[in-house]
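Reviewing the structure listed below.
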Amino acid sequence: MASEKRRLPMNVEGPFFVDSECTDCENCRGVAPDFFKRDEAREVHYICRQPSNEEEEEMLLQALEFCPAEAIGRMAA
């Protein structure tokens with residue numbers, strides 16, 4: 001399970017985040033390509049844009065479910 005304590009600093013502010021457990025598998029970009037970018041130096045992905053509607057939020061929730069490292073998280077409301 002993703003941890004806010006391990007949240008990568010390059011994530012944009014908001015409820016969704018990627019933590020340091022990311023294995024750079026690119027599954028997230030396959031599911032929600034507009035919301036993830038790759039940090040070449042660290043070889044991890046991070047959230048570059050937060051969702052602005054329910055449809056976009058659902059895409060990020062699917063990416064969260066498909067993450068084999070469980071590195072994508074959502075802060076509690």
Using the side-chain contact (heavy atoms from CB on, under 4.5 Å) rule, take Gln50 and Glu57 through it: C-alpha gap first, then chi angles, then the decisive distance, then the call.
-> CA-CA 8 Å; Gln50 294 289 334; Glu57 187 171 323; over 6 Å; no
Give a yes-or-no answer on whether the side chains of Asp39 and His45 include a donor-acceptor pair shorter than 3.5 Å.
-> no
For the pair Ile47 and Leu8, evaluate side-chain contact (heavy atoms from CB on, under 4.5 Å) and give the outcome as yes or no after the intermediate values.
-> CA-CA 9 Å; Ile47 300 284; Leu8 294 171; over 6 Å; no
Shortest non-hydrogen contact from Pro68 toward Asn27 | CD-ND2, 3.4 Å
Do Val44 and Ser20 have side-chain heavy atoms sitting under 4.5 Å apart?
-> no
Starting from the C-alpha separation in whole Å, work towards a yes-or-no answer on side-chain contact (heavy atoms from CB on, under 4.5 Å) for Ile72 and Phe36.
-> CA-CA 11 Å; Ile72 301 171; Phe36 294 91; 3.8 Å; yes
Would you say Cys67 and Cys28 make side-chain contact, with heavy atoms under 4.5 Å?
-> no
ILVMFWY network linking Val31 to Phe35, side-chain heavy atoms under 4.5 angstrom | no
Check whether any side-chain heavy atom of Arg7 sits under 4.5 Å from a side-chain heavy atom of Met75, and report yes or no.
-> yes
Would you check if Pro9 and Arg42 make a side-chain contact, meaning some heavy-atom pair closer than 4.5 Å?
-> yes
State, yes or no, whether a side-chain contact exists between Val18 and Asn11 at a heavy-atom distance under 4.5 Å.
-> yes
Closest non-hydrogen contact found for Cys48 with Asp34 is SG-O, 3.7 Å
Closest heavy-atom pair, Leu64 versus Arg74, reported as atoms and distance to 0.1 Å, is CD1-N, 4.2 Å
Is there side-chain contact between Lys5 and Asp19, with heavy atoms separated by less than 4.5 Å?
-> no
Check: Glu43 side chain, Asp24 main-chain N or O, donor-acceptor pair, under 3.5 Å | no
Do Tyr46 and Val12 have side-chain heavy atoms sitting under 4.5 Å apart?
-> no
Non-hydrogen atoms of Ala71 and Cys22 that approach each other most closely = CB-N, 3.4 Å
With distance as the sole test, does Glu56 use its side chain to make a donor-acceptor pair with the main-chain N or O of Pro51 at under 3.5 Å?
-> no
